[in-house]
Amino acid sequence: MLNPLTTFALIGVAGLACQWLAWRVRLPAILFLLISGITLGPVLGMVQPDELFGDLLFPFISLSVAIILFEGSLTLQLRQLQDIGPVVRNMVSYGALINATLTTVAVHYLVGISWPLAALFGAIMVVTGPTVIVPLLRTVKPNARITNTLRWEGIVIDPLGALFAVLVFEWISAQQGHGSWVEATVIFAETIVVGSLVGAVAGYLFGLLLRHRWLPEYLQNFATLAVVAGVFALAENLRHESGLLTVTVMGIWLANMRDVHTEDILDFKENLTLLLVSSLFIVLAARIDFADVKLLGWGSLGVLAVMQLLSRPIKVFFSSLGSVFTFKEKLLLAWVGPRGIVAAAVTALFALKLEQMGYEEAYLLVPLAFTVIMGTVVIQSMTARPLALALGVAEPDARGYLIMGANPVARAIAVALRSADYRVLLSDTYWDNIASARMQDLPTFYGTLLSDHADKHLDLVGIGGFLGLSHHAERNHLGVMKYRNEFPQQKVLSLASSQDHAPNGKRKISDKHRGQTLFGEDITFSKLASLIAKGAKIKSTTLTDSFHFADWQQHHHNANSIPLFVIDPKGSLFWFTAQAELAPQSQWQLFSLVPSASESKNVSDSTQAVSSDSHLPNKDDASKKHNLPTDDDRRGEKRD
């Protein structure tokens, strides 16, 4: 075994490598984390968690799971339950009982474990969890109804599943002469009451601190972590096993409390959760003993098959009877239900307690749990996305762009993007601009992207990037700051402004708030708007082996043409920016803004104009013919 410092460093590096690999191949990271833990633990013997943590192992696991659940519950908005509420309620109540019962029977008959231990395992396995659901949803991309249902189920059922396991464990204790059914029921009720009350009170009081700004901004993340840890410990001391329910209730309360903004806290918690999940899965997987896995035999695979093909589908179809879900949506819901960190942690905890009570076969529960976890993750990671596409319940790839501004510049670029089969959504606060965009059949959002209304009602399906094309530089940069964590960094861009060249730098926006600069440092909104007003058009040019990008640059050297973006033969789009130079290749499609003075020149047989008014109704024909701005355009340009 390595020394503790080296072991901790190794776990961190391995976790990072697994997360990066998962991002590259677009699979849930838990798969690679489990493989890494098994490799570092039982295979190489480099990580031995019991010796590394000692008595702190299970307290560390419990607190980490509490933080993960709190972070997940911060994303749950009650308005999401409008259509899916009854289904979620059914899935976490009698649906969970159906699932637990079928799993219990399978474990008893296929693995040969006694009824009490099989019942406990069945109770634990009702959980799914945000640690595996959220990464899987990012890959599968089902429609909003399925996504919200799986997220709500995964977060709510984790503490309820733990409570269910507590009830079964107390029943087992009663069988051993340590109590009675009445006592077990009282303990179960006390756990629910303590968890709900402490969570609600803590959420409300902490929400007041945030609402009235009684905490400085730099202390909010630290205070949140400290409060979550303190509330979890308080609930556990008042009633053992009530902590997970407490932090879940607290998170949901904060997420739905009026005038309480948790965005910055959520960003911090997401980063912390990423660290904890990566560490926990490696640590728990490192505790697996291959000898115990062999003892399970083929029965463990039989249990996995029952859970994947029988108990989950029956649970979903009974829970969704009479709902708004279509049959195809139910099929995907029935297929997706991976087990995660809560299942592994709770199983390990109760297995240890049962061994202390004299149940010799309790040690088999941990390898059986990891068999189910790895099986569900592998199967569903590889098949859920193709199944969602085949059923027609997957959202389109998020390759479109949200555009701040609906002025003539934004509309021209939006039309060019749409001609390349990219979705666009334009936002503006000026009605003239919105009206002109709608006349061109461009999707719009009338209002500011920085409003609560936008957060609740903006449809970002198929959107994966942000373009700041407003005349107001500050608005563009505020948009960058808002969406830089939601979209990939290379897809959050904005125009340069005249303030960027201020001599003293007092008016210059900080680089970290600007995103990538579209087209170049000297390409401002005013310059683009002026060119378009004088008749410039966006043209597409297909580069060939005989007409390279260098040839295009030489031909347009004196024409003030501006290259905007290129699309490769695979359909991937790349923007020209001030931060990076592009080298388009043959068969790439180049989109550029060409001034009217160069229109008479024969640039290339493969060059075609992208008309920004092809969807206008039959009015103002003269303006359409020459691609000149209409009166509405001029008014909008003055305002934005």
Side-chain angles (χ1 to χ4, degrees), residues 30 33-34 37-38 41-42 49-50 53 57-66 68-69 96 99-100 103-104 106-108 110-132 154 157-173 240-241 243-244 277 280-293 295-296 299-301 303-304 306-307 311 337-357 359-377:
I30 182 178
L33 292 169
L34 289 174
I38 292 172
D50 292 273
F53 289 93
L57 177 60
F58 285 103
F60 167 71
I61 293 173
S62 299
L63 183 57
S64 299
V65 171
I68 293 169
L69 278 182
N99 191 19
T103 302
T104 297
V107 170
H108 176 71
L110 296 178
V111 181
I113 293 179
S114 64
W115 281 111
L117 269 62
L120 179 64
F121 186 83
I124 296 172
M125 286 298 127
V126 302
V127 303
T128 52
T131 57
V132 283
I157 205 167
D158 268 1
L160 294 183
L163 290 176
F164 190 18
V166 169
L167 179 63
V168 176
F169 179 78
E170 294 297 335
W171 170 71
I172 295 174
S173 297
H240 193 51
E241 303 300 341
L244 294 183
V277 169
L280 281 178
F281 272 114
I282 291 176
V283 167
L284 290 175
R287 299 183 73 248
I288 295 177
D289 189 337
F290 282 141
D292 295 339
V293 176
L295 288 176
L296 293 173
S300 60
L301 297 181
V303 172
L304 173 62
V306 169
M307 294 178 65
S311 62
R339 273 58 178 181
I341 192 67
V342 175
V346 175
T347 302
L349 181 63
F350 281 116
L352 181 61
K353 292 182 178 181
L354 288 169
E355 287 185 54
Q356 294 173 350
M357 293 171 56
Y359 285 90
E360 297 180 357
E361 56 186 358
Y363 70 93
L364 294 175
L365 295 180
V366 174
L368 181 58
F370 273 96
T371 301
V372 171
I373 292 171
M374 293 191 66
T376 54
V377 169

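Quick caveat, the model's predicted, so the values are computed rather than measured.
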Quiz item: Can you name the residues that form a side chain to side chain donor-acceptor pair (under 3.5 Å) with S311, not counting sequence neighbours?
Solution: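 Scan of S311 (side chain to side chain donor-acceptor pair (under 3.5 Å), adjacent residues dropped) gives N99.
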
Exercise. Taking side chain to side chain donor-acceptor pair (under 3.5 Å) as the test, write out the residues that go with E361, two or more places apart.
Key: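 Testing E361 for side chain to side chain donor-acceptor pair (under 3.5 Å), a comparison that skips the adjacent residues, returns S114.
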
Using the side-chain contact (heavy atoms from CB on, under 4.5 Å) criterion, which residues pair with [X]? Sequence neighbours excluded.
X    : answer
T104 : W115, A118, A119
L110 : A106, V303, V306
L304 : T376, I379
A362 : L117, L354, E355, Y359

Minimal non-hydrogen separation, [X] against [Y], with atom names:
X    : Y    : value
V168 : P116 : CG1-O, 4.4 Å
A351 : V366 : CB-CG2, 3.9 Å
I124 : F350 : CD1-CD1, 4.2 Å
P42  : G37  : CD-O, 3.8 Å
V126 : G122 : CG1-O, 3.5 Å
L368 : S300 : CD1-CB, 3.8 Å

Quiz prompt | Short side-chain to backbone donor-acceptor contact, R339 and V372, under 3.5 Å | solution =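 No; zero donor-acceptor contacts below 3.5 Å.
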
Quiz prompt | F60 CZ to L280 CG distance, which is reported to the nearest 0.5 Å | solution = 5.0 Å

Self-check item: Note, I113 side chain near F121 side chain (heavy atom, < 4.5 Å)
Solution: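 They are not in contact (no side-chain heavy atoms under 4.5 Å apart), so the answer is no.
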
Practice problem: Might you work through the side chain to side chain contact (heavy atoms under 4.5 Å, CB included) test for F370 and T347, ending with a clear yes or no? | Solution: CA-CA 9 Å; F370 273 96; T347 302; over 6 Å; no

